[in-house]
Amino acid sequence: MRQFVMSGLNINSGGHLTVGGVSVPELAREYGTPLYILDEQVIRDNCREVIGGLREHYNAPFTVAFASKALCFKELYRILREEGMGADVVSGGELYTAVKGGFDPKGLYFHGNNKSASEIKYALESGVRRIVVDNAEELELLGEIAAQGGYTPDISFRIKPGIDAHTHEFIKTGKIDSKFGLALETGEAAEVIARAAKMKTVRVVGINCHIGSQIFGTEPFALAAKVMLTFMRDLRENLGVPLNELNLGGGFGIKYLPNHEPVTLADMSRMCAESVTAIANELNLPLPELVLEPGRSITAPAGLTVYTIGSVKHIPGVNTYVAVDGGMTDNPRHALYGASYEPIMPERPNAPATQNVIIAGRLCESGDIITRNAPLPDVKTGDLLGIQATGAYNFSMASNYNRVPRPPIVIVYKGKSRIAVRRQTYEDLLVCDQ
Ligand code: LLP
């Protein structure tokens, strides 16, 4: 097999898989399974690629804000901060984690399509850089809360640019039939922004869109830039509302399977810089401050989940189910989106595949599948099994279904490992029970 789809994997002299130079079987022995392993160097390199692309090709201020929904725990914010990243948060919980992780709130963009009054208040008190307003009711609520507290927040608006980014239906958030943001076509966006521009309690500085996730091509982003900048021009010329911030969201695709060929992060970020520059020039607009919000592409390729195989069920002429000691509780993406993953055997990564199996979890639910058509060598109870590129939307979407405790996150960096999030205990499961 040896299909490395994530970065930072290698094979050591003993023939075992390594992540960031550390033996995966040894990590499994030390920390147990299931186990999320994260390669800090890969996260840092990905941050540097996106930032580097903008630094080289964009001649105005910019921010790369990591989308916390992809992965969120305290230690991650220390790494992001060191790399000069901002972050997007979509809830009081993500904001709390970022702040407790020592992240400067001035680097935070607060999103969400239904922020509560207490979340808005918390965001204002924390001093986040930007509140990204989703709808007219939220604008009103924000205005009231800001007036009560004596704040004048800088805000931007989530816009639906009406772009279909050809991705999985459930992950598509930019088209008009969506719960997120204000529609352009109907005039809703212009109307709400014009209203906000007259308010004394907020300062309107920009617009945001997010056209989808796991997007492979660059065209959808160029198209989004065109739609958004044209809207900025119209707001300036027709309504006298000059905006200075364009946030194009996230969505850069990553390699989950050997046949996936994503554009590199450096190229994605260069292309965004070049498109925005060219279109702004064409429209005679000053270059706006550019914000990108990659989530998946920063952390997914840094993550390997390691399981232990419990049982192997051959159903002659039908299928083979390989059951592992985790499942949809630590990785719900197949159950939710039909997502596929590339497995790897940490104790013999070079063994050729001899069969295609279904990798199933341990939860009481038929849909508890990690991936189908998974190429594996002959496997048996007790073997370790790795699932690649799980560093985004796995831990952050994990649950305690069946009261299964969540696995720990172990970070490897410079040949050493450390626990960033410890394994949940049974006692943790009862913490809120009265
Ligand atoms: N910014 C905004 C406003 C977003 O809504 C999202 C993702 C991002 C940035 C980051 O997108 P990324 O670079 O990670 O693609 N749970 C799904 C993905 C949902 C993405 C929702 N919004 C999954 O597991 O595939």
Side-chain angles (χ1 to χ4, degrees), residues 43 46-47 49-50 63-72 76 80 85-91 94 108-115 130-135 156-161 163 165-175 178-182 206-217 220-221 224 228 245-257 260 262-263 265 268-269 272 290-303 305 328 330-341 370-371 387 389-399:
I43 295 177
N46 289 340
C47 294
E49 264 200 61
V50 185
T63 303
V64 181
F66 175 72
S68 299
K69 61 183 79 73
L71 187 61
C72 187
L76 181 61
L80 295 171
M85 297 281 284
D88 108 31
V89 292
V90 299
S91 68
E94 287 184 356
L108 294 177
Y109 295 71
F110 192 62
H111 286 262
N113 74 306
N114 192 12
K115 304 172 186 77
R130 192 77 64 251
I131 296 191
V132 185
V133 175
D134 180 90
N135 56 67
S156 65
F157 283 92
R158 172 81 179 256
I159 305 294
K160 287 186 261 202
I163 289 163
H166 303 292
T167 176
H168 193 285
E169 179 70 25
F170 298 159
I171 312 181
K172 209 162 19 185
T173 50
K175 61 185 171 50
S178 161
K179 70 169 184 167
F180 295 104
L182 300 165
I207 49 174
N208 156 261
C209 68
H210 173 77
I211 55 172
S213 203
Q214 185 60 359
I215 299 168
F216 281 145
F221 293 100
M228 296 291 277
E245 179 184 277
L246 174 61
N247 179 337
L248 290 178
F252 304 158
I254 68 127
K255 192 179 183 82
Y256 280 112
L257 297 176
H260 288 170
V263 178
L265 280 178
M268 272 292 192
S269 123
C272 287
L290 181 59
V291 184
L292 298 179
E293 297 178 333
R296 184 193 319 270
S297 55
I298 300 292
T299 57
T305 307
M328 64 190 290
D330 58 77
N331 182 356
R333 295 193 67 258
H334 185 86
L336 282 172
Y337 317 118
S340 296
Y341 285 92
I370 303 258
T371 191
I387 293 289
T390 55
Y393 303 114
N394 274 231
F395 174 76
S396 64
M397 296 176 78
S399 77

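Order of appearance sets the numbers: ligands from 1, and atoms from 1 within every ligand. Bear in mind the structure is a predicted one, so any value in this text is a computation, not a measurement.
- At least one heavy atom of Pro294 sits less than 4.0 Å from an atom of ligand 1.
- At a heavy-atom cutoff of 4.0 Å, ligand 1 is contacted by the side chain of Tyr337 but not by its backbone.
- Looking at ligand 1, you'll find an N or O of Glu293 within less than 3.5 Å of one of its N or O atoms.
- If you look at Arg296 next to ligand 1, the close heavy atoms, those under 4.0 Å, come from the backbone and the side chain alike.
- Listed by number with element, the atoms of ligand 1 under 4.0 angstrom from any heavy atom of Ala67 are 8 (C), 9 (C), 10 (C).
- The pair Lys69-Asp88 meets the salt-bridge criterion, with a side-chain N (NZ, NE, NH1 or NH2) lying under 4.0 Å from an Asp/Glu carboxylate O.
- Listed by number with element, the atoms of ligand 1 under 4.0 Å from a non-hydrogen atom of Arg333 are 23 (C), 24 (O), 25 (O).
- Interatomic distance, OH of Tyr341 versus CG of Leu257, reported as 10.0 Å (0.5 Å rounding).
- In Ser213, the parts holding a heavy atom less than 4.0 Å from any atom of ligand 1 are both the side chain and the backbone.
- Going from atom CD1 of Ile159 over to atom NE2 of His210 covers 15.0 Å, rounded to the nearest 0.5 Å.
- The option from Gly249, Ser68, Gly251, Pro332 that lies nearest to atom 13 (O) of ligand 1, judged by heavy atoms, is Gly251.
- Between Glu293 and Asn208 the shortest side-chain heavy-atom distance falls below 4.5 Å.
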Exercise. Under the side-chain contact (heavy atoms from CB on, under 4.5 Å) criterion, do Tyr109 and Glu245 qualify, and how do the steps go?
Worked result: CA-CA 12 Å; Tyr109 295 71; Glu245 179 184 277; 3.9 Å; yes
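- Summarising the geometry, atom OH belonging to Tyr393 is positioned 5.5 Å from atom CZ belonging to Arg296; distances are rounded to the nearest 0.5 Å.
- Close approach of ligand 1 to Arg158 (heavy-atom distance below 4.0 Å) involves ligand atoms 3 (C).
- Every atom of ligand 1 with a heavy atom of Gly295 under 4.0 Å away is listed here by number and element: 12 (P), 13 (O), 14 (O).
- For ligand 1, the polar-atom distance check against Gly212 finds no nitrogen or oxygen pair separated by under 3.5 Å.
- At least one donor-acceptor pair under 3.5 Å links the side chain of Thr299 to the backbone N or O of Gly391.
- At a heavy-atom cutoff of 4.0 Å, ligand 1 is contacted by no atom of Asn208, backbone or side chain.
- Two residues are said to be in side-chain contact when any heavy atoms from C-beta on lie closer than 4.5 Å; Ile370 and His334 fail this criterion.
- Looking only at side-chain heavy atoms (C-beta outward), Ile254 and Phe252 stay at 4.5 Å or farther from each other.
- Listed by atom number, the atoms of ligand 1 under 4.0 Å from Met397 heavy atoms are 16 (N), 24 (O).
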